[in-house]
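The structure appears right after this line, and notes come after that.
Please read all numbers here as calculations on a predicted model, not as lab measurements. A note on names: the letters A, B, ... follow the listed sequences, proteins ahead of strands, and every chain is numbered from 1.
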There are 2 protein chains.
Amino acid sequence: MTGPDTATGRSLAKASRRSSLLAEAARLFAQHGYNGVSIEDLGAASGISGPAVYRHFAGKAAVLGALLVGVSRDLLEGGRAVAADGGTPGTVLARLVDFHADFALSHPDVIRIQDRDMDSLSPGDAAEVRRLQRAYIDVWADQLRGLHPGEDRAAARFRAQAVFGLLNSTPHSTHRADADPAARRERLVRMAVAALSAPVG
Amino acid sequence: MTGPDTATGRSLAKASRRSSLLAEAARLFAQHGYNGVSIEDLGAASGISGPAVYRHFAGKAAVLGALLVGVSRDLLEGGRAVAADGGTPGTVLARLVDFHADFALSHPDVIRIQDRDMDSLSPGDAAEVRRLQRAYIDVWADQLRGLHPGEDRAAARFRAQAVFGLLNSTPHSTHRADADPAARRERLVRMAVAALSAPVG
DNA sequence: AAATGACGTTAGTGTCCATTAACTGAATTG
DNA sequence: CAATTCAGTTAATGGACACTAACGTCATTT
């Protein structure tokens, strides 16, 4: 009598083990930092022990790489989908804010890991993540160029990064007795839109 | 013939060595992360080697503690001074934004360390830093309660933290060929004020 | 049903690194 | 000027930990 997870064969069991490892890694890295988590901890969280992790990832840095390349890809893909739906720069930016806020609020762990443990990545993964992040910023910057015709590309990118800082601040917030998540989200979105629309002077 | 630094006696030499260690630690921790810097690196950056650091600090964590308690104290002190000057909530908040933007732009290293290596602090230092940070947030929240009478204290704190995320985003920005720092600062301040003032809807 | 190979196990192994030990030489002090 | 303090040195020491080796076991394959 095999368990329900293994009922579908070895390759499926492996896939589920791998995603369990990634999910636990996200939780542990967010809580203790990449350097505060050992390979042993990582395996134990998924019910296997230490070296077995190497059957799924080439090393500890590869686990971090899979997480961060994944989140960067998801953000870029989602952002491009939003932009592809068209509309005025103002409405596209509003939808980008909605998308990003949803993402940050539903995946606070990876957000935290991304702006904390970026440079524990292997050189190759780091380059890939930077490339994806630049492309995502440019999705925003393209719309911002339309909203603020007087500002150059560097200014638009700067604005986008500042708003990411605002939207990504929630993982750092204390969350004690998280009173009203919907109101929190609404407030965050309003502030982001206001910052994006603020005239330069 | 003693060098100019040591001409004034041993205790002054010690004080200058200590501040050199702190300055180099800020630079190194910001660049490589707390765990990416060894005690040996730390000493070498100030011209002494490894274990000599223990003549100035109880341990590696104590160096980080001195840095982060220092920055938290400076922020709280500066924020309180701004608030003590009085004015309407709107004008006080504008001055708080100016103050914080200046701080973040002139000390990007410690800002980066603060929201990255917080939990490598000793328990005691961590508690102290959290206490100072809460007090600083409350300086902002007090003014925000005046600006948005309809929002409760938690909402005001949340707003403050989101704006810190925005203002503290500059250390993460790429800074390549830093075109116009003054314009950058101005844009940051405008966005922060807009986010602080945004009506909740 | 044998052969294969993937996934897991427990023991190393080597390295890095924070901290301590033992000692030295100069500045301070009485 | 002798005694002491103190910032510095180099040489252990001890632990954490990423990764490798050697081996077992069971599902898949032929």
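Checking dG8(C), dC19(D), dA6(C) against every side-chain atom of K60(A), the shortest atom distance belongs to dC19(D). Among dT20(D), dA7(D), dT19(C), the nucleotide with an atom closest to any side-chain atom of H56(B) is dA7(D). Taking the side chain of Y54(B) as heavy atoms from C-beta on, and the options dT19(C), dA6(C), dC6(D), the nearest nucleotide is dT19(C). The side chain of A52(A) sits closest to dT9(C) out of dT9(C), dT5(D), dC26(D).
Using modelled atom types and a 3.5 Å distance limit, the side chains of S19(A) and S16(A) yield no donor-acceptor pair. Neither side chain, D117(A) nor S120(A), offers a donor N or O lying under 3.5 Å from an acceptor on the other.
Between R157(A) and D152(A) no salt bridge is recorded (no basic side-chain N to carboxylate O distance below 4.0 Å).
The aromatic rings of Y136(A) and F164(A) lie parallel to each other, with less than 30° between the two planes, well short of the 60° mark.
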Side-chain polar contacts of residues 66-81 of chain B - donor-acceptor pairs under 3.5 angstrom, sequence neighbours left out - could you list them?
unit_1, atom_1, unit_2, atom_2, d
S72(B), OG, L68(B), O, 2.9
S72(B), OG, Q114(B), NE2, 3.0

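In this structure, R55(A) and P51(A) both approach DNA chain C, and ranking their closest nucleotides by distance from the 5' end singles out R55(A).
For the contact set between residues 25-42 of chain B and DNA chain C, defined by any heavy atom under 4.0 Å, the members are V37(B), S38(B), I39(B).
Taking side-chain N and O atoms only, R17(A) has a distance below 4.0 Å to OP1 or OP2 of dG8(C). Phosphate proximity of dC7(C) to K14(A): present, with a side-chain N or O under 4.0 Å from OP1 or OP2.
Among the protein residues, G50(A) comes within range of no part of the nucleic acid, since none of its heavy atoms lies under 4.0 Å from any strand.
Closest approach of R159(A) to E151(A), counting heavy atoms only: NH2-OE2, 2.6 Å.
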